[in-house]
Chemist: 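One structure, pasted below without further comment.
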2 protein chains.
Amino acid sequence: MKTEDHSFLKSETIENVSQIFKVLADPTRIKILYLLSQEECNVNHIAEVLEMSQSAVSHQLSMLRNLRLVKYRREGKTLFYSCDDEHVISLLKQAIDHSEHH
Amino acid sequence: MKTEDHSFLKSETIENVSQIFKVLADPTRIKILYLLSQEECNVNHIAEVLEMSQSAVSHQLSMLRNLRLVKYRREGKTLFYSCDDEHVISLLKQAIDHSEHH
DNA sequence: CATACATATGAACATATGCTCATATATAAT
DNA sequence: ATTATATATGAGCATATGTTCATATGTATG
């Protein structure tokens, strides 16, 4: 068993980094995270704004929740989601800025 | 036809950002880019260090070349690859630093 | 408690992705 | 020219991923 696949990076680090970027690699999640970085939203609102099914949004939020990238609060029947990871939002915004200015 | 799927981000921006992060989402490419960020390498050297087949490395380099993330120079039969996109390396290193210090 | 509304979840399916295997191309040396 | 070395590339395959569809769960209200 090798604990490292690379002389300089721990395999654990590589897996973590890969996971962060996998989240950010999907257009749907980019839109969701960018939206949530601007305002707290409930699930249906996200679905409407992004023109996606409630189910698809909910599945993605489930993933983002498990990775602790978003959090939520309940208000009656409604769940309000917001971002919970400044670092990931920072990476996203840098990539957006770079893309927009090139 | 909608030119934007999101009120704030152009669909072109979303695609570009997604593509950047897709590149960085794969463990193999993380290792290759990190290695190349430290030293110029030929293909066989990358394959040896990362314990991968020459073909697998070459396929990945092909992709990185097409996206202009790496460049190469020839010396006889050997091709020496190096990084050609500071911004992408910057994103990668930030994610690595963050992962290592948490 | 029955119904409606908001959200979550499991299964199935289609597409994307990364590898291997075989083979092609390019350069150098004999 | 033939052979060896370094790298590239196409096809095929197995796995991962994101969506849809159907259904479940949770909460408020009559």
Side-chain angles (χ1 to χ4, degrees), chain A residues 5-6 11 14-36 40-82 84, chain B residues 5-6 11 14-36 40-82 84:
Chain A
D5 309 85
H6 189 281
S11 61
I14 294 172
E15 283 310 313
N16 288 343
V17 168
S18 170
Q19 190 171 55
I20 292 172
F21 288 132
K22 275 199 175 87
V23 171
L24 293 169
D26 178 63
T28 293
R29 287 190 292 268
I30 291 173
K31 294 181 214 170
I32 292 176
L33 286 172
Y34 186 73
L35 183 57
L36 292 181
E40 190 187 49
C41 295
N42 64 54
V43 180
N44 276 328
H45 182 247
I46 299 171
E48 279 162 26
V49 170
L50 304 186
E51 295 177 349
M52 297 177 55
S53 73
Q54 175 267 317
S55 179
V57 171
S58 211
H59 274 295
Q60 295 295 2
L61 287 173
S62 163
M63 177 189 179
L64 296 173
R65 244 187 297 128
N66 291 334
L67 297 173
R68 313 270 178 180
L69 302 189
V70 300
K71 62 189 173 192
Y72 65 92
R73 66 181 177 83
R74 178 179 286 279
E75 202 169 284
K77 286 174 284 192
T78 306
L79 299 185
F80 289 94
Y81 278 85
S82 56
D84 198 27
Chain B
D5 309 86
H6 189 281
S11 61
I14 294 172
E15 283 309 313
N16 288 344
V17 169
S18 170
Q19 190 172 54
I20 292 173
F21 288 132
K22 275 198 175 87
V23 171
L24 294 170
D26 179 63
T28 292
R29 287 190 293 269
I30 290 173
K31 294 181 214 170
I32 292 177
L33 286 172
Y34 186 73
L35 183 57
L36 293 181
E40 190 187 47
C41 295
N42 65 55
V43 180
N44 276 328
H45 182 246
I46 298 172
E48 280 162 25
V49 171
L50 304 186
E51 295 177 349
M52 296 178 56
S53 73
Q54 175 267 318
S55 178
V57 171
S58 212
H59 274 294
Q60 295 295 1
L61 288 172
S62 164
M63 176 189 181
L64 296 174
R65 245 187 297 128
N66 291 334
L67 297 173
R68 314 268 177 180
L69 302 189
V70 300
K71 62 189 173 191
Y72 66 91
R73 65 182 178 83
R74 177 179 287 280
E75 202 168 285
K77 284 173 286 191
T78 307
L79 300 185
F80 289 94
Y81 279 84
S82 56
D84 199 27

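Bear in mind that the values here come from a model prediction, so they are computed numbers and not experimental data. Lettering of chains follows the sequences in order, A, B, ..., and the numbering in each one begins at 1. All heavy atoms count here, side chains included; hydrogens, waters and symmetry mates do not.
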Chemist: Over how many whole Å does the gap from Leu61(A) atom CG to dT7(C) atom P extend?
Modeler: 10 Å
Chemist: Who pairs with Tyr81(B) by side chain to side chain donor-acceptor pair (under 3.5 Å), at least two apart in sequence or on another chain?
Modeler: Arg65(B)
Chemist: What I'd like to find out is whether the side chain of Val23(A) reaches to under 4.5 Å of the side chain of Leu33(A), using heavy atoms alone.
Modeler: yes
Chemist: Contact class for Ser58(A) vs. all strands (heavy atom < 4.0 Å): base, sugar-phosphate, or nothing?
Modeler: base
Chemist: Check nucleotides 16-22 of chain D against the protein and report each pair of N or O atoms closer than 3.5 Å, with its distance, or say if there are none.
Modeler:
unit_1: dG18(D); atom_1: OP1; unit_2: Arg29(A); atom_2: NH1; d: 3.3
unit_1: dG18(D); atom_1: OP1; unit_2: Arg29(A); atom_2: NH2; d: 2.6
unit_1: dG18(D); atom_1: OP2; unit_2: Arg29(A); atom_2: NH1; d: 3.1
unit_1: dT19(D); atom_1: OP1; unit_2: Thr28(A); atom_2: OG1; d: 2.5
unit_1: dT19(D); atom_1: OP2; unit_2: Gln60(A); atom_2: NE2; d: 2.7
unit_1: dT20(D); atom_1: OP2; unit_2: Ser53(A); atom_2: OG; d: 2.9
unit_1: dT20(D); atom_1: O4; unit_2: His59(A); atom_2: NE2; d: 3.3
unit_1: dC21(D); atom_1: N4; unit_2: Ser55(A); atom_2: OG; d: 2.6

Chemist: Could you walk me through whether Leu61(A) and Ile46(A) pass the side-chain contact (heavy atoms from CB on, under 4.5 Å) check?
Modeler: CA-CA 10 Å; Leu61(A) 287 173; Ile46(A) 299 171; 4.2 Å; yes
Chemist: Let me know the distance between CD of Glu51(B) and C1' of dC19(C), rounded to the nearest Å.
Modeler: 16 Å
Chemist: Return the value, rounded to whole Å, for the distance between atom NE2 of His45(A) and atom P of dA6(C).
Modeler: 14 Å
Chemist: In whole angstroms, how far is the P atom of dC19(C) from the CD1 atom of Ile46(B)?
Modeler: 13 Å
Chemist: Give me the atom names and distance for the closest heavy-atom approach of Phe21(A) to Leu24(B).
Modeler: CD1-O, 3.3 Å
Chemist: May I have the distance from Leu79(A) (atom CG) to dT27(D) (atom C1'), rounded to whole angstrom?
Modeler: 10 Å
Chemist: Not counting sequence neighbours, list each pair that qualifies as a side-chain hydrogen bond (donor to acceptor under 3.5 Å, both in side chains) and has a residue in residues 18-27 of chain A.
Modeler: Ser18(A)-Lys22(A)
Chemist: Please examine the side chains of Leu50(B) and Val57(B), heavy atoms only from C-beta on, and report whether any two atoms are closer than 4.5 Å.
Modeler: no
Chemist: Rounded to whole Å, how long is the line connecting atom CD1 of Ile32(B) with atom C1' of dC19(C)?
Modeler: 12 Å
Chemist: Can you measure Ile30(B) atom CD1 to dT17(C) atom P for me and round it to whole angstrom units?
Modeler: 16 Å
Chemist: Mapping Tyr81(B) and Lys77(B) onto DNA chain D by nearest heavy atom, which one lands closer to the 5' end?
Modeler: Lys77(B)
Chemist: As a test of your reading of the structure, name each stem of DNA chain C as range with range, where a stem is three or more consecutive Watson-Crick or G-U pairs at under 3.5 Å.
Modeler: C:1-30 with D:1-30
Chemist: Could you list the residues that satisfy salt bridge (charged side-chain N to carboxylate O under 4.0 Å, His left out) with Glu40(B), not counting sequence neighbours?
Modeler: Arg73(B)
Chemist: Residues from residues 66-75 of chain B sitting under 4.0 Å of DNA chain C, heavy atoms only?
Modeler: Arg74(B)
Chemist: Would you say the side chain of Lys31(A) lies within less than 4.5 Å of the side chain of Met52(A), judging by non-hydrogen atoms?
Modeler: no
Chemist: Indicate whether OP1 or OP2 belonging to dA6(D) is found under 4.0 Å from a side-chain N or O atom of Asn42(B).
Modeler: no
